[in-house]
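Everything below concerns the one structure shown next.
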Amino acid sequence: MANKKVTIRDVAKEAGVSVATVSYVVNGRTDLKISDETRKRVLQVINLLNYSPNQAAKALASKRKNQVGFAISHTDSVLKAADQMKVMTAITKFLGDKNYDVFLIPPAKFENYGQADALICYDLDKSTFSALGDFNFAPLLALDCYINDPLFFQINTNLDRLKAAANEKFSGEKYQYVMLDTSNTEKKDFTKNTFDDVLFVAQPADLQGITTKNVLISSDVLLPFIPDNCTVCYEPDTTLEKLELLFTAYDKAANRVPIENHNLCC
């Protein structure tokens, strides 16, 4: 689809609706019963595929503001709050070197962030991600959260990379993967299905649940709290390669490049 003009039929197929429905949405018809959910999905596909029924829509892809939003979830965990700020700091520095500004979107602050070229959603659950998307026409990028919707890029840690590092470090011995707790249930389930032993941590006291001498860690905010008698394999979640992958996804989303592989891991 990248090498040919996008048609109204392409939009209808991607959104799973009829051509007539797309036409009604594009023309702002209010005399017909189209659900808000269907209307929003059609608009998101139009935005993604850069379908331009008029010059106003065509301008969406060309007007960059070099502003990126960073959305986080509410947390009572001091560890999670520290992790959120560390990740935002890393992204701010990385994008700042490319002359982009990053601003924080507070938890559950659902409104239209029209000044942003894209919104990076960090470790949000699916319902919060969708709620933010309902208020915004800007592309959403799911960072370290499992959304599993082909309309959106999701950039997650490659758990096979973590497993390989742990297997090499511990020479096949048993280990426990200790990670920050998350409200994204799909992420938790996928992690538990990948590793034999996982400990989810919200507060430093939760680390008392470590049951093995070998520990795999991917968040550096946990490192100071690991017992001294543990052997640690540290394989970071946030790497330069992952930030580059995030920027690639952002660039494609901001330019309305059709997604071929929306599930990216590093």
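No experiment lies behind these values; they were computed from the predicted model shown. Only this structure's heavy atoms are used, side chains among them; waters, hydrogens and symmetry mates stay out. Along the sequence shown, residues carry numbers from 1.
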Shared hydrophobic cluster for Ile155 and Met179 (ILVMFWY, side-chain gaps under 4.5 Å):
no
Expected output: side-chain Glu14 to main-chain Leu49 donor-acceptor under 3.5 Å
no
So if you build clusters from Ile, Leu, Val, Met, Phe, Trp, Tyr with side-chain heavy-atom gaps below 4.5 Å, do Val6 and Ile8 land together?
yes
For residues Phe70 and Ile105, determine if any side-chain heavy atom of one lies less than 4.5 Å from a side-chain heavy atom of the other.
no
Does the side chain of Leu180 reach to within under 4.5 Å of the side chain of Leu222, using non-hydrogen atoms?
yes
So the ring pair (Phe, Tyr, Trp, His ring centres under 6.0 Å) pairs with at least one residue in residues 210-229 (sequence neighbours excluded) are none
Thr231: which residues meet the side chain to side chain contact (heavy atoms under 4.5 Å, CB included) condition with it, sequence neighbours left out?
Lys169, Phe170, Asn214
Leu140 CG to Ile120 CD1 distance, which is reported to the nearest 0.5 Å
10.5 Å
Can you list everything that forms a side chain to side chain contact (heavy atoms under 4.5 Å, CB included) with Pro224? Sequence neighbours excluded, please.
none
Check whether Asn184 reaches the backbone of Leu124 with its side chain - one donor and one acceptor, N or O, closer than 3.5 Å.
yes
Using side chain to side chain contact (heavy atoms under 4.5 Å, CB included) as the criterion, point out the one residue from Val17, Thr7, Asp10 that pairs with Val22.
Val17
Check: Tyr100 ring centroid to Tyr250 ring centroid under 6.0 Å
yes
Return yes when atom NZ of Lys126 has more than 12 non-hydrogen atoms of other residues, nucleotides or ligands closer than 6.0 Å, and no otherwise.
yes
How about Leu95 and Asp101: do any of their side-chain heavy atoms sit closer than 4.5 Å?
no
Sorted by first residue and then second, give each salt bridge (charged side-chain N to carboxylate O under 4.0 Å, His left out) pair with at least one member in residues 137-156; sequence neighbours left out.
Arg41-Asp149, Asp144-Lys242
Cluster link Ile226 to Leu162, ILVMFWY, side chain under 4.5 Å:
no
Heavy-atom check, side chain of Val198 versus side chain of Gln176, under 4.5 Å:
no
Leu223/Ile217 under side chain to side chain contact (heavy atoms under 4.5 Å, CB included): CA gap, chis, key distance, verdict:
CA-CA 7 Å; Leu223 288 175; Ile217 300 290; 4.0 Å; yes
Not counting sequence neighbours, which residues clear side chain to side chain contact (heavy atoms under 4.5 Å, CB included) with Lys13? List them please.
none
Apply side-chain hydrogen bond (donor to acceptor under 3.5 Å, both in side chains) to Asp160 and list each qualifying residue two or more places apart in sequence or on a separate chain.
none
Among all residues two or more places apart in sequence or in another chain, which pass the ring pair (Phe, Tyr, Trp, His ring centres under 6.0 Å) test with Phe190?
Tyr146
Counting neighbours of CG on Asp196 that are heavy atoms of other residues, nucleotides or ligands and sit closer than 6.0 Å, is the number greater than 12?
no
For residues Tyr122 and Met88, determine if any side-chain heavy atom of one lies less than 4.5 Å from a side-chain heavy atom of the other.
no
Is it possible for you to say whether Met85 and Leu79 belong to one hydrophobic cluster, with membership spreading through side-chain heavy-atom contacts below 4.5 Å?
no
Between Ser127 and Ser130, does a side chain to side chain donor-acceptor pair (under 3.5 Å) hold up when you go through it step by step?
CA-CA 5 Å; Ser127 61; Ser130 297; over 6 Å; no
What's the verdict on side chain to side chain contact (heavy atoms under 4.5 Å, CB included) for Thr194 and Lys163, showing C-alpha distance, side-chain angles and the deciding distance?
CA-CA 9 Å; Thr194 301; Lys163 284 186 71 174; 3.5 Å; yes
Side chain to side chain contact (heavy atoms under 4.5 Å, CB included) partners for Ser35, two or more places apart:
Glu37, Thr38
Are any side-chain N or O atoms of Asn158 and backbone N or O atoms of Cys265, one a donor and one an acceptor, separated by less than 3.5 Å?
no
For Phe195, what residues pass the ring pair (Phe, Tyr, Trp, His ring centres under 6.0 Å) criterion, not counting sequence neighbours?
Tyr177
Backbone N/O of Ser73 and side chain of Gln84: donor-acceptor pair under 3.5 Å:
yes
Can you list every salt bridge (charged side-chain N to carboxylate O under 4.0 Å, His left out) pair that touches residues 229-240, not counting sequence neighbours?
Arg161-Glu235
Quick one: does any side-chain atom of Thr75 pair with a main-chain N or O of Ser77 as donor and acceptor, under 3.5 Å?
yes
Are Ile210 and Leu216 in one and the same hydrophobic cluster, where Ile, Leu, Val, Met, Phe, Trp and Tyr link if side-chain heavy atoms are under 4.5 Å apart?
no
Considering only heavy atoms from C-beta outward, does the side chain of Glu241 approach that of Cys266 to under 4.5 Å?
yes
Could you tell me if the side chain of Leu141 sits less than 4.5 Å from the side chain of Leu119, heavy atoms only?
no
Partner set under side-chain hydrogen bond (donor to acceptor under 3.5 Å, both in side chains) for Asn148, not counting sequence neighbours:
Gln154
Measure the acute angle between the ring planes of Phe103 and Tyr113, then classify it against the limits of 30° and 60° as parallel, tilted or perpendicular.
tilted
Give the intermediate values and the outcome of side chain to side chain contact (heavy atoms under 4.5 Å, CB included) for residues Phe247 and Lys252.
CA-CA 9 Å; Phe247 183 74; Lys252 289 184 177 181; over 6 Å; no
Any side-chain heavy-atom pair from Lys187 and Asn156 closer than 4.5 angstrom?
no
Please evaluate residues Cys121 and Leu132 with respect to the criterion side chain to side chain contact (heavy atoms under 4.5 Å, CB included), reporting the C-alpha separation (whole Å), side-chain torsions for both, the decisive distance (0.1 Å), and the verdict.
CA-CA 9 Å; Cys121 301; Leu132 186 61; 3.7 Å; yes
The criterion is side-chain hydrogen bond (donor to acceptor under 3.5 Å, both in side chains); which residues satisfy it with Lys188, sequence neighbours excluded?
Asp181
Find the distance between CD1 (Ile72) and NZ (Lys80) and round it off to the nearest 0.5 Å.
10.0 Å
Would you say the side-chain atoms of Asp83 pair up with the backbone N or O of Ser219, donor to acceptor, closer than 3.5 Å?
no
Counting only heavy atoms not in Glu244, do more than 12 fall under 6.0 Å of its CD?
yes
Closest approach of Ser183 and Asp125, non-hydrogen atoms and distance?
O-CB, 3.6 Å
Steps toward side chain to side chain donor-acceptor pair (under 3.5 Å) verdict (Thr248, Asp251)
CA-CA 5 Å; Thr248 298; Asp251 194 52; over 6 Å; no
